J.: 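Dropping a structure here in structure tokens format, bear with me for questions.
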Amino acid sequence: QAQPQPAGASFRTGPSGQVAWPAGGGAAPATPEPAAPVEVAPTPEPAAAAPVARAFVPAAFDSEGFGRTAKMIFIRLQAANDTGDLDDLRAFTTPEMFAELSMDIRERGSEPQHTEVLAVESEVLDVADEGSRQVVSVRFRGQVREQADATPVAVDEVWHLVKPTDGSRSWAIAGIEQWQGTAATH
């Protein structure tokens, strides 16, 4: 199982186009220190449609409004990545995320890409204030089609969005991870 990654870490797309954390990504150590053995009682797997337990979302936080904003960012990332629009990508990603995306676009070269977002739902999982920035973790579930006649592909990811508390920039994507029943929330 993948190590949880910090919100400031970047991601890397794999051969299938799915996003994954780099080995030892972000501030996490490349080789974890051995931990003392801990006995854990087995827990049943949650049902696929079961709601996700939120880490912390303040009652005053507009989860519905933020969910709409997050969906627009999701769709915008797909479009900017498809067209290789580095200026647009830079506008709504952290420097680390931008570096990974631009490297992927350079590696892709002139190979055409078109991602059709067929459906996407968002759920705010966590909201954290870290002094100089706010971090919101959002789970996206839906379907995309990565080629014109291809079978739709399921999407189930958690995106970590950050914004300086001084309002000096809008929300930026800081990290993306595949949902595996639990996600690193901040």
Side-chain angles (χ1 to χ4, degrees), residues 1-57 61 63 66-67 69-71 73-78 81 92-94 96-101 103-104 113 115-128 130 134-146 150-162 171-186:
Q1 184 174 2
Q3 290 286 324
Q5 299 299 318
S10 59
F11 75 96
R12 181 96 174 112
T13 41
S16 69
Q18 290 294 313
V19 179
W21 290 104
T31 313
E33 302 262 337
V38 176
E39 288 189 39
V40 178
T43 57
E45 286 292 317
V52 176
R54 295 176 176 200
F56 178 73
V57 179
F61 188 79
S63 292
F66 192 85
T69 298
K71 282 189 217 182
I73 292 170
F74 181 92
I75 292 167
R76 183 177 173 190
L77 174 69
Q78 306 309 319
N81 187 54
F92 67 97
T93 58
T94 61
E96 299 83 5
M97 181 64 71
F98 175 76
E100 292 292 333
L101 289 169
M103 183 172 59
D104 290 342
Q113 183 167 321
T115 305
E116 180 183 1
V117 178
L118 302 172
V120 65
E121 293 300 321
S122 63
E123 178 183 6
V124 174
L125 299 178
D126 187 50
V127 177
E130 296 182 336
Q134 187 174 32
V135 181
V136 179
S137 299
V138 180
R139 182 180 182 190
F140 291 105
R141 288 181 280 193
Q143 288 190 326
V144 297
R145 183 174 294 137
E146 297 174 338
T151 302
V153 176
V155 172
D156 198 352
E157 301 171 339
V158 175
W159 290 25
H160 304 286
L161 304 168
V162 297
W171 289 101
I173 304 166
I176 299 174
E177 62 185 304
Q178 299 304 302
W179 179 261
Q180 296 179 9
T182 60
T185 53
H186 224 54

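Please read these numbers as outputs of a predicted model, since none were measured by experiment. Each residue takes its place number in the sequence, starting with 1.
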J.: Quick one: does any side-chain atom of Arg139 pair with a main-chain N or O of Glu123 as donor and acceptor, under 3.5 Å?
T.: no
J.: For the residue pair Leu77 and Leu101, establish whether any side-chain heavy-atom pair is separated by less than 4.5 Å.
T.: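 Yes, at least one pair of side-chain atoms sits under 4.5 Å.
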J.: Is the shortest distance from a Lys or Arg side-chain nitrogen in Glu121 or Lys71 to a carboxylate oxygen in the other one below 4.0 Å?
T.: yes
J.: Is there a side-chain contact between Ile176 and Met97 (heavy atoms, below 4.5 Å)?
T.: yes
J.: May I ask you to test the His160-Val162 pair for a side-chain heavy-atom distance under 4.5 Å?
T.: no
J.: Going from CD1 on Ile73 to CZ on Phe66, what distance comes out if it is rounded to the nearest 0.5 angstrom?
T.: 6.0 Å
J.: What is the minimum heavy-atom distance between Val138 and Ser122, and which atoms define it?
T.: CG1-CB, 3.8 Å
J.: Can you check whether Leu118 reaches Val144 side chain to side chain, under 4.5 Å on heavy atoms?
T.: no
J.: As a test of understanding, state which of Val155, Val120, Val117 forms a side chain to side chain contact (heavy atoms under 4.5 Å, CB included) with Gln78.
T.: Val117
J.: Using the ring of Trp179 (Phe, Tyr or Trp, six-membered ring only), decide whether Arg141 places NZ or CZ under 6.0 Å from its centre and within 45 degrees of its axis.
T.: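 So Arg141 doesn't make the cation-pi contact.
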J.: Heavy atoms only: give me the nearest Ala150-Arg145 pair and the separation to one decimal.
T.: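 Ala150 and Arg145 have their closest heavy atoms at O-NE, 2.9 Å.
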J.: Within this structure, what is the OG1-CD distance for the pair Thr94 and Glu100, rounded to the nearest 0.5 Å?
T.: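 Rounded to the nearest 0.5 Å, the OG1-CD separation comes out at 10.0 Å.
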J.: Under a 4.5 Å cut-off applied to non-hydrogen side-chain atoms, are Val136 and Trp171 in contact?
T.: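 In contact.
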